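Report on the following structure.
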Amino acid sequence: MHDVVFGQYLEASCMSSASNDRPASTPRRAVPRGAEAMQELRRLLVQPEQHRLDDLEEQVEHISVDAEKLSQILPEAVRRGSQRDHHLAKALAPTLTDAFQDSIRRNPQGLVDVIAPIMGPAIRRSIRQAISSMVESLNQTLEHSFSWKGLQWRMEAMRTGKPFAEVVLLHTLIYRIEQVLLIHRDSGLLLAQASTSADREKDADLVSGMLTAIRDFVRDSFGGNSADMLDAMQVGDRTVWVEDGPEAVLAVAFRGYPPQELRERLIETLEQIHVDYREPLASFAGDDTAMQPAEELLEPLLVAEYRATNRRKGLSVGRIIGWAIPLLLIGAIGWWLFQLVQDRYWTRRLSTALDLPPSVQLSYDHGTVTITGEARHEWLERVSERTSRFPQIQHWDWAQVKDRDSDWLQFLKQLRDEPGVVVTESGRDSAGYFVRGLRDPLARDPEKLLANQTAVQDGVRMEFAPYECPDDAFETWRATAALQPPHGAEIRVAEGKLLLVGTAPIEFVSRARTLAELTLPQRSTDETQLTITYPAWQQWLDVVRELAGVEIVSAEIRDDEYFFEGKRDPLVHDPHQLLDGPAVDRSKLHLQWQSYYCLDESFVRQRLDAAIKLPSTVWVDYQGGKLTFTGAASHGWTKYAQEKLSNTSGLPAFDLSQVREPESVRKPSLREQLSAIVIEAGREDTYVLSASKQQLDDAAQVIRQIIAVAERNRVQVRIEVRGRGVASPGDATGELLGTNWAEQVTGHLIDRGIPTRWLRPIAERSTAEQRTTSSQTPPRSVTFHIVNDGH
Amino acid sequence: MIQKKICMLGSYAVGKTSLVRQFVTSKFSDQYLTTVGVKIDRKAVNINGHDVRMMLWDLHGEDGYQQVHASYLRGMAGYLLVADGTRPESMETVHKLHQRAVETVGSVPFILLVNKLDLVDEWAISDASLDELKSDGWNVQTTSAKTGERVNESFAELARQMLAVS
């Protein structure tokens, strides 16, 4: 296309120059003939060229190119420039680089779109190759990892220090081509390469150079001609084969033993490269860019071939058993060894970590740690805290380790639990155990507690300072000790109060209240379950009540104060003095007395004696609330008596009517009166004496009078109470009956206030003579006789 | 990537290996280890925006017993002739090697490095002889592999010349 345009341009130029030159051609015809002929001949022969030359000269001299023309000539100019030399390319390179960079900056996607189709296949191929290589290696490795052969190879890998994968490769590989180098024959420069490992690619240029140098050296050394080149080298387990071409050398490095066909493939590939890259190879001056596509031809040479593994043997039962038994055995031994090693490892590790004392043994078994022996409590506590550091240990067995301090700790616990004992400090030093604290004097003696603990008696030091334990129990004890509660009463301290239960005298209650107020937190007593008795008061009342001439009108206790109201005969001493006996608090006693006249016989007789003087012939009998005067007295005395008695206060009614004139009557003596009293037995054969109350009262009254007289006259007498029973001669029954009756009557008399010393019960012998001599006396009876005492 | 094969040529113990070592790793060692055969190293440099990988063929030193085989020189794009400033006879070797190089690969860029500038007091090569070479069109540089003086510059210069040729 450019040629056409350029041709047209030249033609046009010739035409225009021809028209311009026409006027100038005329004078040339005036040239002399010879010269003209020569001129004409020249014109005929070279006129068109001459015109063209003239046009060109014109153009060169007047070069003024417009854009249109330039656009027409520029492509051709560039093409010619490029063909001639590299100056145009060099000149344009910076501009093109700038333009290219600017274009990329403006639109990076454009560049990506352009190179993606080119780079994509190359990248994909590279990745595919890498994955394929990796999978192949992985397959090989996995295939042999768990076989017997695999184990052998693993051992070999350990022994030689090679990676297992490499050992597998060595044993399974027939051959594998690892690197292919295309080398410039003369310079030894690397033209292209293909490799299974990126590591090898790095130094491929050096390898190429050295390979070339070595081959040159070998050839020179052995003096061969140019055709005698080193074409194989053995380096360790690798082999290098080299094939020579006219411009380039193809070297392949491989392991194993490839077939001879590989040589042929190398030659074919090398020939193909020489065909495809003839020009770049011939003009190679160091720039390998043009040779890079040749790598596509090299890559197919990276082949590998493995031995077919014999896996089709079939699994017979015998084969399975033959493998299984040893495997199981090995597995079991391995497991046992593993456990053994693990147990020892843990035993040692734990022994160190737990600072095991000599008296303690530790064993590890399947995740369980058993500790035996004896250890101090401190160590056990410390270790139990540390167990959390070993989460691998599933169970800690502490059951078999004895705590050396357990007895001591038990004793300490006992001490701490002991009421009234407070442990403030305890422990163990070089001298042994010690404990310090406080102790209520009422608490049990810690030494005695220790005495029960035979295991820890030695070397225990105890120091206890006294203190008062505020526990209710101790308060109770202290209160009990202080108050000494009487029988029937209990005291207890509860919730700061003194609880009083049962029955207790007011004196005790008062003391208890005082104690409570002084010592207890609540300062009070709880008396809801208490019945308070007032024994001193009651006793006093009893005394007062028994007192003749005194009558109690009212006696009551209000708010622990005693209120008493009574009547008192003027003849009675002030009963207040009786308070000196029983302990009635006088400050709480409120006494109120009224005067009255007691009409008891003694009071009446005292007042009677004070009022009148009785003649010896007059007797006064006080019965039925009435004084009856009997006997003989003068009328004047009767009158005096009448008057005197009427004016005397405190005397009952009286009767003087039975007082007669003197000589008119004689009162029987006391002896006669006594003798007149006979108590008869009711039945002959009974022991029971049916004496009448009246007879006994009469007898008692007479005896009292006798006693009074006897005492007054200081005469020693005795009243014989004689019991008489009748029996046949020689029979003692009668005497027994008599004694019995006499004693019965004596008892009745004693009951009536006759002192025993005045009475003597005896049996009266009853014989036939006696019966006849004293016929007046009934045969079965009791009689009274005054006898002089034996003094 | 442009690769260029460069050969280090010179007598024994003139400092070829030390120059390469200084250029590639910026290190120097006083210990002398004679090069047996060839040792190949590389260094990438950037010349006028071009990345050039220089494949440095450090050839064994030439002496009366062993010659540098021409086959090592094939395909090289440039070479460095190395002489020891303290040993005038090393210059003779330089000439022989230069001639062999030209015979083998034709005219390619090269630079003469007169090494051991750090021992300049002991130099036995006259400036006149060097000037003479310069006047013949040789590029002559004085270097010190020990101090690194003008080492990188010389290698870069050779790379520049090789790029210009291509």
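Residue numbers start from 1 in every chain, and the chains themselves are labelled A, B, ... in the order their sequence lines are given, proteins ahead of strands. Just so you know, these numbers come straight off a predicted model, no measurement behind them.
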Shortest non-hydrogen contact from B/K4 toward A/A285: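 Looks like NZ-O, 2.5 Å.
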Taking every non-hydrogen atom, the tightest pair across A/D216 and B/S71: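 For A/D216 versus B/S71, the nearest heavy atoms are OD2-O, 3.3 Å.
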For the [atom1] atom on [X], are there more than 12 heavy atoms of other groups (residues, nucleotides or ligands in this structure) within a distance under 6.0 Å?
X	atom1	result
A/R278	CZ	no
B/E132	CD	no
B/K43	NZ	yes
A/F217	CZ	no

Residues of residues 18-34 of chain B near chain A, each having a heavy atom less than 4.5 Å away: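 Heavy-atom contacts from residues 18-34 of chain B to chain A are absent.
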For A/F284, all residues meeting ring pair (Phe, Tyr, Trp, His ring centres under 6.0 Å), sequence neighbours excluded: A/H184
Within this structure, what is the [atom1]-[atom2] distance for the pair [X] and [Y], rounded to the nearest 0.5 Å?
X	Y	atom1	atom2	answer
B/I40	A/L211	CD1	CG	9.0 Å
A/D288	B/I2	CG	CD1	9.0 Å
B/K5	A/D186	NZ	CG	8.0 Å

Interchain contact, B/M1 with chain A, by part (heavy-atom threshold 4.5 Å): both
Side chain to side chain, B/R74 and A/S187, heavy atoms closer than 4.5 Å: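 B/R74 does not reach A/S187 side chain to side chain.
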B/W57 side chain near A/T212 side chain, heavy-atom distance below 4.5 Å: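 With C-beta onward as the side chain, the pair touches.
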Criterion side-chain contact (heavy atoms from CB on, under 4.5 Å) against B/Q3, the qualifying member of A/L191, A/D205, A/D287: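 Passing option: A/D205.
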Top contributor to chain B interface from A/T97, A/L206, A/I214 [non-hydrogen pairs under 4.5 Å]: A/L206
Under 3.5 Å donor-acceptor, B/K39 side chain and A/M210 backbone: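 No.
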Residue among B/M76, B/R42, B/M55, B/R53 with most heavy-atom pairs under 4.5 Å to chain A: B/R42
